Amino acid sequence: MKIDLHQTTAFTDQKPGTSGLRKKVRQFQQPGYLENFVQSVFDTIGDVSGKVLVLGGDGRYFNREALQIIIRMAVASGIERLLVGQNGLLSTPAASCVIRKYKADGGFILSASHNPGGPEEDFGIKFNLANGGPATETFTNSVFECSKKLTAYRIADISPIDIDTLGSRQIGPTTVEIIDSVADYADLMSHLFDFKLIGSALRSGALTICFDAMHAVTGPYARRILEDRLGAPHGSVINAIPLEDFGGGHPDPNLIHARQLVEIMQRPNAPALGAASDGDGDRNMVMGSRFFVTPSDSLAVIAANLSLLPGYRSGLCGVARSMPTSQAVDRVARAVGIDSYETPTGWKFFGNLLDARKITVCGEESFGAGSDHIREKDGLWAVLFWLNLLAIKKKPVSDILREHWSNFGRDYYTRHDYESIESAKAEDIMAHLRSQLAQLPGAEFGIYRVVLADDFKYKDPIDGSVTEHQGIRVIFENGSRIVFRLSGTGTEGATLRIYIERYERRASLHDQETQVYLSDLIAIAESLSQVHQRSGMSGPSVIT
Ligand code: G1P
Ligand code: ZN
C-alpha cells in the first residue's frame, strides 16, 4: 500500500462554527479542502496511530465521497480501528452512542444538520471527542490554528471501500468495520424507555404517531424503532428514505419546513403525537393534534416528568439550557430543588456539565433536547420521551402542556430570524446594540423597565474556560427578556436571531396567540436593533 504525503496549500477559512465546519459543497470539493481539515484534526490529536475512530454522516450529497477520503487518510495515519456506519449513515446521536459504547477516541460526523443538501447546497464535518460530544472550543481552536499552517496531508492510495456491506476488513494497519447504523442506538433507547408500555399502546391503537423523517438520516432509525420494534403501523414514519438532497426540502423540523406533518396534525383524525427530526437526527419537533409544543416548553415538560421513565428513576441531578432558551425549565428545577445552568448556544457547552454529573437533562430553544445518555442532542430520544409520557398519562399533548403551565406558569416564547443579511449590515446591527448597553439599565419602555443589558459571557464551572460575545441580553424587571445574536451555522451572509419571552402566571391568560401576546416586546426589539432599517428587510424570514 502506497502512502502519499500530499503537498497542499493551507486554507484560511476553516474555523468551525457553532457546530463544526459548514460550507457549500463546492467549497468542500476544492482539492485539499476536506483533506486539510481532517489532517488538522489528526495533528491536533497528536499521535493517532492505535486510535479508534467512528465515521458516519447524514447521507447528504458528497457524504460517500468524503467518507472514502477520510478512510484513506485514517489508514495513512495508522488509525487502528474505524467503525463506519453502513451506507455511510450515522445520525449525530447514534455516532455519540457508538463512540461511547465502543470506547472510541472520537469520531467524524459528516453533516450540515438542518441546512439543505445537494451539489449547490451545504456540507459539513464535525469532530466529536472520546466522551461522544462535540469537540470543545479549545480543540476546535487548535484545529483552526493547524489548518492555517498546514503544508501536507497523508493519504493512502487504495481503491474505494465497500461501505454498504456489514463486516470487517483489514487495510494496512487499520481494521475497517462496517457496523449496523441503528442497532446500538436502538438498544440504548430500549433501556431508557418503557418499550413494553409504549409498544402495547401503539399496537392497540390507543396511541398513534406520525413521524416525519424529512428524507434525512432518521428514516431508518424511526422505522426500526417505532414500526419494527414498537409496532406502530407501517406508514407511521413518513419521508423515511434518506435522500442526498432531502427530496429538495429543507430538513429542519419546524412549522415552516415540516409542512406535510403540520398539515396531518391539523386534520380532525390527527394522530396523538406528531414529530419530526432534522438532517442528522439531533433536532426534534413535537406536536399534538392541532397543537405545537415550543421546544423550550418541551424541555421543561421533560425535566418535570423524566423520572417517571425507567432509565431515569433515580431522578435528575440538574438541568441546563442555552442562554436564549426560555426560562421554563428553570422553574421546574427550582420546584424540584435542583440546579439549573445557563450556557452559550451550542451543545458543546453541555459536555463538561454532563461529564461532571452536574446535569441530567439539557436543551436549546432550537428544537434540541437530550440527556446524559449520550453527549449530543437527540431527536428520537425526545420523541420516545413524549410517546412514553403519553402512554403513561393517557391524555392529549395539549392537556399535558396546559397542566404544566398551570403548575409552573407559561413562558410565552418566540424567535424571529432575519436570514441572509449582508454580513456587514448584521455586524452593524450588533454594534448598534452594543453601543446602547451602558445606557439601557433603568430605561423604560411602557410597562417594561430594563434591569440588565449585557453581552453574554460564560465561565465554564468545570474547566474555568471563558467564552465571550455570546449574545446581547436585555432583561426586564418582570423577567421578560430579549436576546440578539448572530448565527454561527449559516453558510451565506449572516442571520440575526431575536429571541423574545415573557412569563405569565395567570392560567386565564395561557391561551393567547404567542405573537400577539409578545407584540409589545417584539416592537421594543425591533426599535432597539433598528433591524428593518439597518437590514433592509421588512420583517423576519422565519418565525418559530
Ligand atoms: C443553531 C442553533 C443552536 C444549535 C445549532 C446546531 O446555531 O441556534 O441552538 O446548537 O444550530 O444545531 P446558530 O445558527 O444559532 O449558531
Ligand atoms: Zn442537527
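Worth saying up front: this structure is predicted, and the values here are computed from it rather than measured. Every number for a ligand or one of its atoms is a count from 1 in the order of the listing.
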When you measure from [atom] to every protein heavy atom, which one gives the shortest distance, and what is it?
| atom | value |
| --- | --- |
| atom 7 (O) of ligand 1 | T489 CG2, 3.4 Å |
| atom 11 (O) of ligand 1 | R283 NH2, 3.0 Å |
| atom 10 (O) of ligand 1 | E364 OE1, 2.6 Å |

Numbering as shown, the atoms of ligand 1 that approach R485 to under 4.0 Å (heavy-atom distance): 8 (O), 13 (P), 15 (O), 16 (O)

For T345, the ligand 1 atoms whose distance to one of its heavy atoms is below 4.0 Å: 3 (C), 8 (O), 9 (O)

Could you tell me whether some N/O pair between [X] and ligand 1 is separated by less than 3.5 angstrom?
| X | result |
| --- | --- |
| D282 | no |
| R497 | yes |
| G488 | yes |

Report for the Zn ion (ligand 2), protein N, O or S closer than 2.8 Å, by chain and number, lists S113 OG, D278 OD2, D280 OD1, D282 OD1

Evaluate the criterion side chain to side chain donor-acceptor pair (under 3.5 Å) for residue pair N284 and K377; output intermediate values, then yes/no. CA-CA 9 Å; N284 78 88; K377 57 184 176 247; over 6 Å; no

Measure centre to centre between the rings of [X] and [Y], then say whether the value is under 6.0 Å.
| X | Y | value |
| --- | --- | --- |
| F127 | F139 | yes |
| F246 | H250 | no |
| F193 | F385 | no |

How about NZ on K457, more than 12 heavy atoms from neighbouring residues, nucleotides or ligands closer than 6.0 Å, or not? no

Measure the shortest side-chain to side-chain distance between F123 and Y61 over non-hydrogen atoms and say whether it is less than 4.5 angstrom. no

Could you tell me if the side chain of Y499 sits less than 4.5 Å from the side chain of Y413, heavy atoms only? yes

Donor-acceptor under 3.5 Å (S371 side chain, H373 main chain): yes

Can you give me every donor-acceptor pair (side chain of residues 357-364, partner residue at least two apart or in another chain, under 3.5 Å) with its distance?
unit_1 : atom_1 : unit_2 : atom_2 : d
T360   : OG1    : C317   : N      : 2.8
E364   : OE2    : G346   : N      : 2.9

Could you go through the side-chain contact (heavy atoms from CB on, under 4.5 Å) check for M323 and V483 one step at a time? CA-CA 9 Å; M323 183 273 282; V483 173; 3.7 Å; yes

From the candidates K377, R415, K348, the one that places a heavy atom nearest atom 6 (C) of ligand 1: K377

Closest non-hydrogen atom pair, L90 against L55: CD1-O, 3.5 Å

Heavy atom of G346, distance to ligand 1 below 4.0 Å: yes

Classify the contact between S366 and ligand 1 as side chain, backbone, both or neither, using a heavy-atom distance cut-off of under 4.0 Å. side chain

